[in-house]
2 protein chains.
Amino acid sequence: MRYSCQRKLIEDILKGRKDHPTADAVYLSAREIMPNISLGTVYRNLKYLADERVIDTLETVDKRIHYDGDRTRHAHFICKKCGKIIDLFEPQELPDEIKKLGLTVSEEKCVYYGECAECKDKADKTSN
Amino acid sequence: MRYSCQRKLIEDILKGRKDHPTADAVYLSAREIMPNISLGTVYRNLKYLADERVIDTLETVDKRIHYDGDRTRHAHFICKKCGKIIDLFEPQELPDEIKKLGLTVSEEKCVYYGECAECKDKADKTSN
DNA sequence: TATAATAATGATAATCATTACTATTTATTA
DNA sequence: TAATAAATAGTAATGATTATCATTATTATA
């Protein structure tokens, strides 16, 4: 593994933020520091880092890949109204069927969709 | 909601199978019965049925939408080796944080990735 | 039942996120 | 330092999904 400054930058950007940016968002951040980094390099390295399990990916209904620099085991909640993604760190047990069916889990991707507290408040206010 | 024969066919196809086909696979099945149905119609109706919550969608690392005619609450396991998708019907509890953070969940999409029993067996045999 | 209103279709073009390609640059190794 | 290999920037290609639009089918209503 050859660590180019571009790859380092991309990893640092992702590790340094707590949200779940798409490749495009990472590209925008990267260009602030390295103005002529190319989008292809960002994609290539995000893919590379994900393959190497340095970062995680999050597949959502928006059909864009969201990247997650936090590899501690956690689930996600996505608000269908505002799009906000919330981390859920409390550990969950694996379904019993996993063991029964002889499956080996290497990755968990639990995503819950619904309405966040803020959007619920807003909805309540406007209905009065 | 106007129920065209195409929409009915697409719903029936999905309800009639236990796998998780992509739009393309549904299109192939549909053409066997209605040879000049268009791919656009298949996409349009799958989207429509998903929006109406008649069917479910499954977003995976392959970046294609998989459709699921079974709307009973269940999780999925995807084998990284053979790509097989296995339904996990045993109910799981929602993370406690959902309640604590005041979130309302309308949809759950839990996907586990790993190795299925068959692929594990094959790997064991070849290593001997 | 005929008609008006409108929703859905088939065919095709457009979109857009992601990947592949290629000449060039950069890093590593001998 | 030269040879080897990997990574980059820039750009073209890919491929799943959507949008468009003229035409057809479905539903409601007179």
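No experiment lies behind these values; they were computed from the predicted model shown.
Using a distance-only test at 3.5 Å, with no hydrogens or angles considered, no donor-acceptor pair links the side chain of A/Glu59 to the main chain of B/Lys63. A distance-only check finds a donor-acceptor pair linking the side chain of B/Lys120 to the backbone of A/Gly102 [under 3.5 Å]. Judged purely by atom type and a 3.5 angstrom limit, A/Lys80 has no side-chain atom pairing as donor or acceptor with the backbone of A/Glu115.
In this structure, A/Thr41 reaches the D/dA9 phosphate: one of its side-chain N or O atoms is under 4.0 Å from OP1 or OP2.
For A/His66 and A/His76, the ring centers sit 6.0 Å or farther from each other.
Inter-residue side-chain proximity for A/Lys81 and A/Glu118 is flagged as unmet; no heavy-atom pair is nearer than 4.5 Å.
Scanning residues 4-13 of chain B for heavy-atom distances under 4.0 Å to DNA chain C yields B/Ser4, B/Gln6, B/Arg7. DNA chain D lies under 4.0 Å from at least one heavy atom of each of the following residues of residues 43-70 of chain B: B/Tyr43, B/Lys47, B/Arg64, B/Ile65. Contacts between residues 21-36 of chain B and DNA chain D, defined by a heavy-atom separation under 4.0 Å, are absent.
In this structure, the salt bridge (Lys or Arg N to Asp or Glu O under 4.0 Å) partners of B/Lys100, at least two apart in sequence or on a different chain, are A/Glu90. Residues that satisfy the salt bridge (Lys or Arg N to Asp or Glu O under 4.0 Å) test with A/Arg73, not counting sequence neighbours, are A/Glu108.
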*asked:* Please evaluate residues B/Glu11 and B/Tyr3 with respect to the criterion side-chain contact (heavy atoms from CB on, under 4.5 Å), reporting the C-alpha separation (whole Å), side-chain torsions for both, the decisive distance (0.1 Å), and the verdict.
replied: CA-CA 10 Å; B/Glu11 183 178 339; B/Tyr3 247 83; 2.3 Å; yes

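Between A/Phe89 and A/His74, the ring planes are tilted. Angles from 30° to 60° get that label.
In the interface, the side chain of B/Arg2 is paired with the base of D/dT26 through a donor and an acceptor atom under 3.5 Å apart.
Using modelled atom types, one finds a donor on one side chain and an acceptor on the other under 3.5 Å when comparing B/Thr57 with B/Lys109.
When rounded to the nearest whole Å, the span between OH of A/Tyr3 and C1' of C/dT26 equals 17 Å. Atom CG in B/Leu39 sits roughly 10 Å away from atom P in D/dA16 (whole-Å rounding).
None of B/Asp56, B/Leu14, B/Asp87 except one satisfies the side-chain contact (heavy atoms from CB on, under 4.5 Å) rule with B/His20; the exception is B/Asp87. Exactly one residue among A/Ile10, A/Thr41, A/Ile65 makes a side-chain contact (heavy atoms from CB on, under 4.5 Å) with A/Leu46. That residue is A/Ile10.
Relative to the axis of its first five pairs, the axis of the last five pairs of the helix from C/dT1-D/dA30 to C/dA30-D/dT1 sits at 30°, rounded to 10 degrees.
One distance of note links CG of A/Asp24 with OH of A/Tyr43; it measures 6.5 Å at 0.5 Å rounding.
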